[in-house]
Amino acid sequence: MKPMGPIPPWFGAENGMLLIGGCGAASLVDEAGDTPLFAYDMNIIQAQVRRFRDAMPAAVHLHYAVKANPFAPLLARMALQVDGFDIASGGELEMALEAGMAPERISFAGPGKRNDELSAAIFAGATINLESEGEARRALAAADAIGKRPRLAIRVNPDFDLKGSGMRMGGGAKPFGVDTDRAAALARTVIDAGADWRGWHIFAGSQNLDPLAIIETQAATIALAARLSDEVGASPPLVNLGGGFGLAYFPGDERLDIRPIGVVLDTALEERADILHDSGFAIELGRWLVGEGGVYLTRVVDVKVSQGETFVVVDGGLHHQLAASGNFGTVVRRNYPIALANRFGAAPAEEPVTVVGCLCTPIDRLGDKVALPPVEEGDLIAIFLAGAYGASASPTAFLGHPGPRELLLG
Ligand SMILES: *Cc1c(COP(=O)(O)O)cnc(C)c1O
C-alpha cells in the first residue's frame, strides 16, 4: 500500500455517500447528467477567502489568479469575493471582463503576450505587467496606435526565490519578468513615455507550505520594491507581493497556517520604507483559494487483475485531472487524496488497488496502490483538491474522450 494525501477534514457522508456542498455525490452526477464531473463548492472557497481576510492586514488586496480555475460561473462569483483578477492571456481577459471584474482591477502577466493581446488589454483599461523591454516597446506602440494611456507595471524577476516551492518562478535566469538590475530603468522608460506606471509585480514562487519561507520572501519582496522605487525616484501605486500559498496535496503535507504570515506582514508593512508609504499591496493566489473546494468524480468502468495486482479503471483520467496523475509540475508521482464516494468512510479492503484512467498510456494513474473499500463496476471514485488546475490545465483533446462536466454548488 502507498499513502495518499490528506482528505480535507470537512468532507463527510450521509448513508455512506460522500457529501459535496451538502449534496450526495451520486445525485450531483445525476444533476450534471453523467461522469466525469468536477463539483466545486463555493462555500469552501468563500471560507478560504474569509480566512485570508481574517489573517492578512486589511490594506493587502486579494487577487485571484484566473488560470487556476476559469469556470465561468465560478469566476463570476470570485469577481464579487476578491479585489482583482490576475490573468495570463487575451482569452482570460475576455473571461475576466465577462465575469464582471472591473478592468482597472485586472492585471495581465505572463510571457509571450502578442500585440493583439496587448492592444485588447490597453483598450479595456487593464494593467499589463511587463515581462521584458521588448514587451514594453510593443505595449507603448500599441497604446499610441489606440490613442490611450496604458496602465503598465513592471514584473521583476527577483534575485531570490521562494524556498521549497513546488514551482520556482524567481531566482536565476527566467522567462518571467525583468532582472532586478534592469527593472528600475524600464520603469523610468515607461514613465518618461507618458504611461500610467502602476508599480511592481514580484512573484517568487508557488505551492509552498512553509510559513517561514513565505514570510522571508515577502520581507525580501518589500525590501526589493523599496530599493527599486528609490532607484526610479517614484512611489509605486501598487506592489504585487506575489503569492505562493500552497495546498496539502500529498502524504505528510500539512495545511498551511497563514495566520503567522499575516502577523509578520502587518509589522513589515508598518515599518515599510517611506517611498512605499502611499503604495497599495496585493497578494495573488490561485490554487489556495479554489483548490480545496473541488472534487473530481469519476465512475468505475472495470475492475481487473493483472499478476496479482487489482486495477480499478475509471471513465476519467489525466485528460481531465493531469495533476493527480503526477504529470503537472511534480517530479515524483505521489497520491492525491482519493476515496470511494459511494462507500465513503467504509473500512478498506485488505489489498490495495491501483486506480487508472481510461487513456491508453501507462502515465494515466490516478491512485497508486491505494487503500479503498472493495470496489465494483459502477462505483464512484472521488479525487479531492480538484478545484485548481484540473479541467482547464489538462489535455482534454488527448484520445478524443468527452470533456468533463463542471458544476458550481453553494
Ligand atoms: C500561476 C500564477 C499564480 C497562481 O499560482 P498558484 O500556485 O495557483 O497560487 C499567481 N501569479 C502568477 C504570476 C502566476 O503565474
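Below, each value reflects all heavy atoms present in this structure, side chains not excepted, and no hydrogens, waters or symmetry copies. Ligands are counted one by one from 1 in listed order, and the atoms in each one are counted from 1 as well.
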Discussion item. Taking the ring of Phe203 and the ring of Phe176, is the distance between their centroids below 6.0 Å?
Written reply: no
Item to complete: Using only heavy-atom distances, determine whether the side chains of Trp200 and Thr221 contain a donor-acceptor pair under 3.5 Å.
Response: no
Item to complete: Check ligand 1 against Arg287 and write out every atom of the ligand that is under 4.0 Å from a heavy-atom position of the residue.
Response: 6 (P), 7 (O), 8 (O), 9 (O)
Worksheet item: Quick one: which of Gln207, His201, Lys67, Glu284 has a heavy atom closest to atom 14 (C) of ligand 1?
Response: Lys67
Worksheet, complete the sentence: Near Tyr389 (heavy-atom distance under 4.0 Å), the atoms of ligand 1 are 1 (C), 4 (C), 5 (O), 6 (P), 8 (O)
Item to complete: Decide yes or no for Pro395 and Leu322: does some side-chain heavy atom of the first lie under 4.5 Å from some side-chain heavy atom of the second?
Response: yes
Practice prompt. Go through ligand 1 atom by atom and flag the ones less than 4.0 Å from a non-hydrogen atom of Ala65.
Written response: 3 (C), 4 (C), 10 (C)
Discussion item. List ligand 1 atoms under 4.0 Å from Ser206, heavy atoms only on the residue side.
Written reply: 5 (O), 6 (P), 7 (O)
Worksheet item: Are any of the N/O atoms in Ala68 less than 3.5 Å from those in ligand 1?
Response: no
Item to complete: Say whether Phe176 and ligand 1 are in contact under the criterion: heavy-atom distance to a ligand atom below 4.0 Å.
Response: no
Worksheet item: Do you see a donor-acceptor pair shorter than 3.5 Å between the side chains of Asp278 and Ser235?
Response: no
Item to complete: Using non-hydrogen atoms of the residue, decide whether His63 is closer than 4.0 angstrom to ligand 1.
Response: no
Item to complete: For residues Glu292 and Trp10, determine if any side-chain heavy atom of one lies less than 4.5 Å from a side-chain heavy atom of the other.
Response: yes
Discussion item. For Glu14, is the CD atom crowded, meaning more than 12 foreign heavy atoms sit under 6.0 Å from it?
Written reply: no
Worksheet item: How does Ala109 reach ligand 1, by side chain, by backbone, by both or by neither, if only non-hydrogen atoms under 4.0 Å count?
Response: neither
Worksheet item: Trp288: heavy atom below 4.0 Å from ligand 1, yes or no?
Response: no
Worksheet item: Within a radius of less than 6.0 Å around CD of Glu104, do more than 12 heavy atoms belonging to other residues, nucleotides or ligands occur?
Response: yes
